[in-house]
Colleague: 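Before anything else, here's the structure in question.
Residue numbering restarts at 1 for every chain, and letters A, B, ... go by the order of the sequence lines.
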There are 2 protein chains.
Amino acid sequence: MSTHAAIAAHANRAVPGYLVSALAMTPNAGLGAGVGAAIQPRNPADPLASLGHAKVFERETTVFTEGDAAGSVFRVMSGMVRLYKMLPDGRRQIIGFLQAGDMMGLAFAAQYLYTAETVTATTIQRIPRLELDALMDAQPAFARKLLSATTSELMAAQDQMVLLGRKTAAEKVATFLLRLSDRKGGGKGDDRTIDLPMGRSDIADHLGLTTETVSRTLTKLKSSRLIRILVGGKLDLLDRDALADLAGGF
Amino acid sequence: MSTHAAIAAHANRAVPGYLVSALAMTPNAGLGAGVGAAIQPRNPADPLASLGHAKVFERETTVFTEGDAAGSVFRVMSGMVRLYKMLPDGRRQIIGFLQAGDMMGLAFAAQYLYTAETVTATTIQRIPRLELDALMDAQPAFARKLLSATTSELMAAQDQMVLLGRKTAAEKVATFLLRLSDRKGGGKGDDRTIDLPMGRSDIADHLGLTTETVSRTLTKLKSSRLIRILVGGKLDLLDRDALADLAGGF
DNA sequence: CGTACATTTGAGCAGGGTCAATTCTGGTGG
DNA sequence: CCACCAGAATTGACCCTGCTCAAATGTACG
């Protein structure tokens, strides 16, 4: 028993530390598949509002890297962030995409367990762990919220396992599009139009596919008149019912 | 927007309820990939010890089904349980395998989000949600433990996403064997021998493979002298280092 | 000891990957 | 305002890993 990169990483879980993963505190969590937890940034009852301070990151910038000492948690205020893990040889699995309200870096470990990078220009609130701890001590209700948000993330992660382990390429892509669409639900404008700020290879690494397969699958959906691909990373869902059928659950 | 089995299930996450998933409260959690949390059954400090009551389930028995009203949480005292989700057409994804100390059924939703079945004869403690709530209110430290356990599960779930999305069949099987081995770490006897009480199709549905591929892969590992397959669902790890290399991280 | 089911093994196939060329897109500078 | 350029996306051709279908062992329990 020696060269256990595998086992070593696994053992992290046993570390009685703090700050383990990402989590979101509102309903719109989920796209992240075990990642983002929205805690309404501007909610009057937002207990995090006064903690830490916000900073703007430009697009394609690293916020923190897997293995870094985990001293803070972060909350996305606007923009989009991707979280991923990499295998030693460079294969990448994107754990999730975070949007406004989602949190990351939350965990009970000394190091961050994945890398966080911005997809678009993003405003991020950085909250020192100590401040978060203090808030949890002071407001038991907040601790409950964190727990609730974390279990929501876990549910999303489980759905993602079904997707990765048992869905076909077409089902994966259809599911992904519907999730994205659900995410930004209530908003303004055409509710059939969704934003795809991330590149094809990001989508591929999130769905366990290659960029080529993602592209081909989108092309097929376009030919079938289920979607329309617009310029500028936007896309119309022309037939949600058909997409939902294709997605096959979740 | 109508036939959204997908979207409906997804929406569950928004339900402000309780009791969402499974979680474990000790280091040996992890095999579950987003599932079991061990809370030392016989630990003197076990705050759950006096709650609910235990029951013995025989092998291959359903404990609860996805969609059932979620009135209780459960803790495995001995034996093994599998948790899974199914797609409408019957494809199955096993979320994780639970062992002694692992909890399940914990969630912030009104229904169970997956099905739990025993693999072997299993003793399970059933704890009404109300009792768990009361405990959380009475012991803030316990609530913290739950949060810690849940984030551990989330970490495990993220590792499982990497496995499902980016690993080859051989890497998946090697990773699985090492995880199983780590799980029951400290125990007695030959630490190279591990128990595989679940069938090949359970392993397959956990790793996103077919039974045939799992079988073939194990045969190859056997031919390469990395493992030895014993009767009675046992198996020897003959070369952990080689397996760890094969597993490629985590 | 026999039967039912699980596992293994075999043969052939296909979904999605790889490698590579072409087209688009968006930003930049003239 | 437009031509140019670099990177992204798309498309094509071919291949391989892992799946399907099927048959042959193994194994456990009554």
Side-chain angles (χ1 to χ4, degrees), chain A residues 58-60 82 87 89-93 119-121 163-177 195-224 227-235 246 248, chain B residues 58-60 82 87 89-94 117 119-121 163-177 195-224 227-235 246 248:
Chain A
E58 48 188 46
R59 56 176 254 114
E60 298 297 324
R82 63 174 165 259
L87 290 174
D89 67 354
R91 279 172 289 174
R92 183 180 68 154
Q93 177 65 41
V119 175
T120 63
L163 178 147
L164 291 170
R166 287 293 176 234
K167 287 190 176 181
T168 64
E171 291 169 337
K172 286 175 175 180
V173 171
T175 304
F176 176 70
L177 294 179
D195 248 313
L196 283 183
M198 71 291 285
R200 296 288 183 267
S201 68
D202 283 348
I203 298 174
D205 285 348
H206 184 48
L207 303 180
L209 300 170
T210 59
T211 47
E212 292 94 329
T213 298
V214 170
S215 180
R216 278 188 251 270
T217 304
L218 286 172
T219 300
K220 265 176 237 157
L221 291 177
K222 184 176 62 176
S223 307
S224 312
I227 64 172
R228 178 168 15 194
I229 298 174
L230 312 175
V231 292
K234 291 195 186 302
L235 185 150
L246 224 190
Chain B
E58 48 188 46
R59 56 177 253 115
E60 297 297 325
R82 65 173 164 260
L87 290 174
D89 67 354
R91 278 171 291 174
R92 183 178 69 153
Q93 178 64 42
I94 292 185
E117 293 173 352
V119 174
T120 63
L163 180 149
L164 291 170
R166 286 292 175 235
K167 287 190 176 181
T168 65
E171 291 169 336
K172 285 176 176 180
V173 171
T175 304
F176 176 69
L177 294 179
D195 247 313
L196 283 183
M198 72 291 283
R200 296 289 184 268
S201 69
D202 282 348
I203 298 174
D205 284 348
H206 183 48
L207 303 181
L209 299 170
T210 60
T211 47
E212 293 94 329
T213 298
V214 169
S215 180
R216 277 188 251 271
T217 304
L218 286 173
T219 300
K220 264 174 240 159
L221 291 178
K222 184 176 59 177
S223 308
S224 312
I227 64 171
R228 178 166 17 194
I229 299 175
L230 311 174
V231 292
K234 290 195 186 302
L235 186 149
L246 224 190

Colleague: Expressed in angstrom and rounded to an integer, what is the separation of B:M198 atom CE from C:dT7 atom P?
Modeller: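 B:M198 atom CE is separated from C:dT7 atom P by 11 Å.
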Colleague: Is any side-chain N or O of A:S215 closer than 4.0 Å to OP1 or OP2 of D:dA9?
Modeller: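 The answer is no; no side-chain N or O of A:S215 sits under 4.0 Å from OP1 or OP2.
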Colleague: Judged by each residue's nearest nucleotide on DNA chain C, which is more toward the 5′ side, A:K167 or B:K222?
Modeller: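 Closest to the 5' end, via its nearest nucleotide, is B:K222.
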Colleague: To the nearest Å, how far apart are A:K234 NZ and C:dT25 C1'?
Modeller: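 So the two atoms are 16 Å apart, to the nearest Å.
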Colleague: Quick one: A:R92 CZ to C:dG17 P, roughly how many Å, whole number?
Modeller: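 Rounding to the nearest Å, CZ of A:R92 and P of C:dG17 are 15 Å apart.
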Colleague: Tell me what A:L218 touches on the nucleic acid: a base, only sugar-phosphate, or nothing, going by heavy atoms under 4.0 Å.
Modeller: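 Counting heavy atoms under 4.0 Å across all strands, no contact is made by A:L218.
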Colleague: Categorize B:G233 for me: base, sugar-phosphate, or nothing, with a 4.0 angstrom heavy-atom threshold over every strand shown.
Modeller: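 Here B:G233 touches no strand at all.
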Colleague: When the distance from CZ of B:R200 to P of D:dT27 is rounded to whole Å, what number comes out?
Modeller: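 Spelled out: CZ on B:R200 to P on D:dT27 is 11 Å.
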Colleague: Could you tell me how far apart B:D89 (CG) and D:dT20 (P) are, to the nearest whole angstrom?
Modeller: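 For the pair B:D89 CG and D:dT20 P, the rounded distance is 11 Å.
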Colleague: If you only use heavy atoms from C-beta on, which nucleotide in C:dT7, D:dT11, D:dA9 is closest to the side chain of A:T219?
Modeller: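 Output: D:dT11.
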Colleague: Report yes if a side-chain nitrogen or oxygen of B:T211 is closer than 4.0 Å to either non-bridging phosphate oxygen (OP1 or OP2) of C:dA6; otherwise report no.
Modeller: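 Checking C:dA6 against B:T211, no side-chain N or O comes under 4.0 Å of OP1 or OP2.
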Colleague: When rounded to the nearest 0.5 angstrom, what distance separates CG in A:L218 from CG in A:L196?
Modeller: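 So the CG of A:L218 and the CG of A:L196 are separated by 7.5 Å.
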Colleague: Do the side chain of B:R216 and the base of D:dT20 come within less than 3.5 angstrom through a donor-acceptor pair of N or O atoms?
Modeller: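 Indeed, a donor on one side and an acceptor on the other fall under 3.5 Å apart.
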Colleague: Just to verify, which of A:H206, A:M198, A:R92 counts as forming a side-chain contact (heavy atoms from CB on, under 4.5 Å) with A:R82?
Modeller: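 Going through the options one by one, the only one that passes is A:R92.
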Colleague: Among A:T217, A:T210, A:T211, find the residue that satisfies the side-chain hydrogen bond (donor to acceptor under 3.5 Å, both in side chains) test when tested with A:T213.
Modeller: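 With A:T213 as partner, A:T217, A:T210, A:T211 yield a single side-chain hydrogen bond (donor to acceptor under 3.5 Å, both in side chains), made by A:T210.
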Colleague: What is the distance, rounded to the nearest whole Å, between atom CD of B:E212 and atom C1' of D:dA22?
Modeller: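 It is 10 Å, rounded to the nearest whole Å.
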Colleague: When you match B:I229 and B:R166 each to their closest nucleotide on DNA chain C, which lands nearer the 5' end?
Modeller: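 The answer here is B:I229.
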Colleague: Can you check whether A:T213 has a side-chain N or O nearer than 4.0 Å to OP1 or OP2 of C:dG17?
Modeller: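 The answer is yes; a side-chain N or O of A:T213 sits under 4.0 Å from OP1 or OP2.
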Colleague: Please classify the nucleic acid contact of A:V231 as base, sugar-phosphate, or nothing, using heavy-atom distances under 4.0 Å.
Modeller: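 Sugar-phosphate: the residue A:V231, judged by heavy atoms under 4.0 Å, touches backbone atoms but no base.
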Colleague: Would you call B:V173 and B:K220 a side-chain contact if the rule is heavy atoms closer than 4.5 Å?
Modeller: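 Not touching, per the 4.5 Å side-chain cut-off.
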Colleague: Distance check needed: C:dG16 P versus A:L163 CG, whole Å only.
Modeller: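 Computing the A:L163:CG to C:dG16:P distance gives 12 Å.
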Colleague: Can you tell me if A:T210 touches the phosphate of C:dG16, counting only side-chain N or O atoms and a distance under 4.0 Å to OP1 or OP2?
Modeller: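 Result: no.
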Colleague: Please say which of B:L209, B:V214, B:I203 ends up in a side-chain contact (heavy atoms from CB on, under 4.5 Å) with B:F176.
Modeller: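 Going through the options one by one, the only one that passes is B:I203.
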Colleague: What's the CG-P distance between B:D205 and D:dC19, to the nearest Å?
Modeller: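 Taking CG of B:D205 and P of D:dC19, I get 11 Å after rounding.
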